[in-house]
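Worksheet: the structure to be examined is printed underneath.
Note that the structure is predicted; figures quoted are calculated from it, not measured. Sequence positions, counted from 1, serve as the residue numbers for this chain.
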Amino acid sequence: MTERRDFFRYAAAGSLAAALGTGPAAAAPAPNHPGIPANPDFAELQQVFSALYDIDRTVVNLDAAYYGAMTREVHARYVDRLQWVNRHNSTFLRSAVDGMPRDPELNKSRAAVADLIGATQDEVTLCGGGTEALYSLIANYRPLAAGDAVLYADVDYDEMQYAMEYLAQSRGAKLVRFALPEPHTRANLLDAYDRVLRETPRAKLLLLTHVSNRNGLVPPVAEIVAMAKARGVDVILDSAQAVGQMPFDVRTYGADFVGFSLHKWVAAPLGTGAVYIRKDRQADIGPWLGNRIYKSEDLRSRIPTGTVDVAARLTVPAALAVQERIGIERKFAHLRALRDYWVERARDVPGVELMLPAEPGNYGAISAFRLRGLRTMEQAREAQARFVARHRILVVAKSGLASGPVMRVTPALFNTTDELDRLITAIRTEQDLFA
C-alpha cells in the first residue's frame with residue numbers, strides 16, 4: 001500500500017523521472033523501482049500519465065492528432081531554452097557564444113531524432129512540421145518525368161494530396177487518385193494497392209500514409225512499400241501521426257523518404273518536425289528552391305531556410321527523453337487501450353457507425369465514428385460545434401474519405417476513462433441528430 005501511495009505522490013508532483021525511477025543519471029528504466037508497482041494496471045497508468053500535463057480540462061480534448069501537448073517537464077525545458085535563446089539572440093544564431101556554436105547544438109536534436117527512427121544523423125534534418133517535411137519531399141522529387149504517374153489514396157492528408165496535384169500541374173505528371181475499399185481490412189488494402197500499381201504502368205511515385213488523420217487507419221506499410229519498390233515505384237511515407245505514437249524504425253518499413261512531425265506524438269514544442277532520406281537516395285530530392293546556404297550533399301539544404309523557433313528545436317531531446325522513460329511500447333499500448341475503451345462502448349449505440357474493422361494492427365490511438373444520417377461536411381461541422389457547446393467535448397469533423405465525412409476521436413496520454421465515458425454519453429444523446 002505504501003508503494004502505491006508513493007507512486008501517486010510522485011505522479012502528482014509531475015515528475016516522470018521520479019515515478020518511473022529513471023532520473024538523469026539512470027542508465028535504463030527500472031520497472032521494479034519501489035516508486036511504481038511492478039505491473040501497473042490501466043487505471044494506475046491513467047493517473048500517472050494524466051499528472052504529467054498541465055491541461056485545461058474545461059473541455060474534454062480528444063484531438064491529440066492535431067497537436068500533442070508538452071508535458072510539464074518538456075514545457076519547463078522549452079521556457080528555459082526560449083529564455084536562453086532570447087538572452088543570447090543573434091550571438092547564438094551566429095555561433096558567437098563561447099562553447100555553444102549554433103549548428104552543433106541543433107545537431108544534438110538531429111542525432112536524437114535519428115536515434116529514435118533507426119537512422120544516422122546525416123539522413124535526418126529538422127524542419128517546421130510534418131506538412132513542411134512532406135512538401136519538401138514531394139515537390140522536390142527529382143526522378144519524375146512528364147507522363148509519369150503519381151498515386152495517392154482518399155485516406156491521405158489534404159495538404160499532401162495538394163502537393164501530389166502540384167506535380168501534375170508543374171511537372172506534367174499523370175495524377176491517379178483512388179479510394180481504399182471499406183471495410184479497411186488488411187486483405188482489401190493490399191489488393192487495392194496491388195491493383196492500382198498493376199493498372200498504372202508508368203507509376204513512379206506513391207504517397208503512403210502511415211496513420212490516416214481521417215479515420216486512424218494503419219495500413220500494412222512494409223508490405224505496400226515492398227510491393228511498390230518491386231515495380232520500380234518510389235514511396236514517400238507520411239508518418240506524421242506515427243512517429244512517437246508507436247514503435248518506428250525506418251529499416252522495418254523500407255521507405256527511402258519519410259516526413260513526420262515532432263509536435264504531435266513526440267510532444268515537442270509546436271513547429272517541430274523532421275525529414276528522413278536514406279543516404280544513397282538523397283540526390284533524388286532537390287534542394288528547397290535552390291537553397292545554397294548548405295552544400296547539396298548536406299540534407300539541411302532540402303528544407304526552407306530562414307529564422308525559425310530555435311528554442312523549440314533545442315527542446316526536442318528533452319521530449320524524446322521523456323518518451324524514452326515512458327517507453328514507446330507502454331505508451332502505444334496505453335493509447336490503444338484508451339481507443340478500445342470508447343470504441344467498444346460506442347458499438348452498443350444504435351445507428352452509430354465505426355470506421356475501422358476490429359482487425360489486429362490496423363489502428364492506434366485515432367479512430368472515428370458517424371452518427372446516424374450524417375452525410376455532409378456541413379452536418380459534421382454542426383456535430384463538432386454541438387459536442388463542444390452542449391457537452392464540452394472536442395471531437396473533430398473530417399472530410400475526404402470516399403464514404404463520406406466522419407467525427408474523429410483521438411485520446412492523448414492525459415485523457416482518462418471518465419472523460420471517455422462523457423464522450424459515450426454525448427454520442428448516445430446525439431445519436432439521432434441527423435436521423
Are any of the side-chain heavy atoms of Ile303 and Trp288 separated by less than 4.5 Å?
no
Exactly one of Ile224, Asp256, Leu208, Leu207 should register a side-chain contact (heavy atoms from CB on, under 4.5 Å) with Leu237. Which one does?
Leu208
Between Lys229 (side chain) and Gly254 (backbone), is there a donor-acceptor pair under 3.5 Å?
yes
What do the steps show when you test Asp284 against Arg142 for salt bridge (charged side-chain N to carboxylate O under 4.0 Å, His left out), and what is the final call?
CA-CA 5 Å; Asp284 289 327; Arg142 279 175 160 166; over 6 Å; no
For His391, is the NE2 atom crowded, meaning more than 12 foreign heavy atoms sit under 6.0 Å from it?
yes
Expected output: side-chain Thr200 to main-chain Leu197 donor-acceptor under 3.5 Å:
no
Any side-chain to backbone donor/acceptor pair from Arg330 onto Leu45? Under 3.5 Å, distance only.
no
Would you tell me whether Glu165 and Tyr152 have side-chain atoms, one donor and one acceptor, within less than 3.5 Å of each other?
yes
Considering only distance and modelled atom types, tabulate donor-acceptor pairs under 3.5 Å from the side chains of residues 59-70, sequence neighbours left out.
from: Asn61; atom 1: OD1; to: Asp63; atom 2: N; distance (Å): 3.0
from: Asp63; atom 1: OD1; to: Arg408; atom 2: NH2; distance (Å): 2.6

For Arg177 and Asp154, run salt bridge (charged side-chain N to carboxylate O under 4.0 Å, His left out): C-alpha distance rounded to whole Å, both residues' side-chain angles, the deciding distance at 0.1 Å, then the answer.
CA-CA 7 Å; Arg177 185 183 193 275; Asp154 62 330; 5.9 Å; no
Side-chain heavy atoms of Arg110 within contact of Val113, under 4.5 Å
no
Ion pair Asp103/Arg300, N-O distance below 4.0 Å
yes
Whether Asn140 side chain and Ser136 backbone form a donor-acceptor pair below 3.5 Å:
yes
With Thr58 via side-chain hydrogen bond (donor to acceptor under 3.5 Å, both in side chains) - residues at least two apart
Asp56
Which pairs with one or both residues in residues 223-245 pass ring-ring contact (aromatic ring centres under 6.0 Å, His included), sequence neighbours excluded?
none
Are Phe369 and Val343 close enough that some pair of their side-chain heavy atoms sits under 4.5 Å apart?
no
Going by atom types only, do Arg57 and Ser50 share a side-chain donor-acceptor pair under 3.5 Å?
yes
Check this for me: Tyr166, atom OH, are more than 12 non-hydrogen atoms of other residues, nucleotides or ligands nearer than 6.0 Å?
no
Using modelled atom types and a 3.5 Å cut-off, is there a donor and acceptor pairing between side-chain atoms of Lys331 and backbone atoms of Trp265?
yes
Would you call Leu180 and Leu217 a side-chain contact if the rule is heavy atoms closer than 4.5 Å?
yes
Would you verify whether the NZ or CZ of Arg375 falls within 45 degrees of the ring axis of Phe434 while also being under 6.0 Å from that six-membered ring's centre?
no
Ion pair check, Arg381 and Glu378, cut-off under 4.0 Å:
no
Give the C-alpha distance, both sets of side-chain angles, the deciding distance and a yes or no for salt bridge (charged side-chain N to carboxylate O under 4.0 Å, His left out) between Arg214 and Asp158.
CA-CA 10 Å; Arg214 306 192 194 286; Asp158 293 327; 2.7 Å; yes
Atom NZ of Lys174: over 12 foreign heavy atoms under 6.0 Å
no
Can you see which heavy atom on Asp148 is nearest to which on Pro143, and at what distance?
OD2-O, 4.0 Å
side-chain contact (heavy atoms from CB on, under 4.5 Å) against Pro357, all qualifying residues, sequence neighbours excluded:
Pro183, His184, Thr185, Asn362
If you define the side chain from C-beta out and look only at heavy atoms, does anything of Tyr135 sit under 4.5 Å from Glu132?
no
Just wondering, more than 12 heavy atoms not from Arg198 lying within 6.0 Å of its CZ?
yes
Within 45° of the ring axis of Tyr363 and under 6.0 Å from its six-membered ring centre, is that where the NZ or CZ of Arg336 lies?
yes
Nearest heavy-atom approach of Phe387 to Leu371 is CE1-CD1, 4.4 Å
Could you tell me whether a side-chain N or O of Gln161 sits under 3.5 Å from a main-chain N or O of Asp156, the two making a donor and an acceptor?
yes
Indicate yes or no for a side-chain donor-acceptor contact from Arg171 to the backbone of Ala146 under 3.5 Å, with no hydrogens or angles considered.
no
Give a yes-or-no answer on whether the side chains of Tyr193 and Asn188 include a donor-acceptor pair shorter than 3.5 Å.
no
Can you list, pair by pair, the side-chain donor-acceptor contacts under 3.5 Å of residues 393-404, counting residues two or more places apart and other chains?
from: Ser403; atom 1: OG; to: Glu182; atom 2: OE1; distance (Å): 3.4
from: Ser403; atom 1: OG; to: Glu182; atom 2: OE2; distance (Å): 2.6
from: Ser403; atom 1: OG; to: Arg370; atom 2: NH2; distance (Å): 2.6

Contacts of Asn89 meeting side-chain hydrogen bond (donor to acceptor under 3.5 Å, both in side chains) (sequence neighbours excluded), chain-then-number -> none
Should the pair Glu105-Arg81 be classified as a salt bridge under the 4.0 Å nitrogen-to-oxygen rule?
no
Side-chain donor or acceptor of Thr410 paired with backbone N/O of Ile366 under 3.5 Å:
no
side-chain hydrogen bond (donor to acceptor under 3.5 Å, both in side chains) partners of Arg186, counting only residues at least two apart
Glu223
ring-ring contact (aromatic ring centres under 6.0 Å, His included) pairs, two or more places apart, involving residues 208-254
His210-Phe248, His210-Tyr253, Phe248-Tyr253
Kindly indicate whether the side chain of Val243, heavy atoms from C-beta on, has any atom under 4.5 Å from the side chain of Leu116.
yes
Mind checking ring pair (Phe, Tyr, Trp, His ring centres under 6.0 Å) for Tyr341 and listing every partner two or more places apart, or none if nothing turns up?
none
What one should report as the nearest heavy-atom pair of Leu314 and Pro317 is O-CD, 3.4 Å
Asp191/Arg195 under salt bridge (charged side-chain N to carboxylate O under 4.0 Å, His left out): CA gap, chis, key distance, verdict:
CA-CA 6 Å; Asp191 181 67; Arg195 182 184 303 112; 2.3 Å; yes
What pairs meet the ring-ring contact (aromatic ring centres under 6.0 Å, His included) rule with one or both residues in residues 103-126, with sequence neighbours excluded?
none
Using the side-chain contact (heavy atoms from CB on, under 4.5 Å) criterion, which residues pair with Glu344? Sequence neighbours excluded.
Arg347
Only counting residues at least two apart or in another chain, list the ones meeting side-chain hydrogen bond (donor to acceptor under 3.5 Å, both in side chains) with Arg77.
Asp80
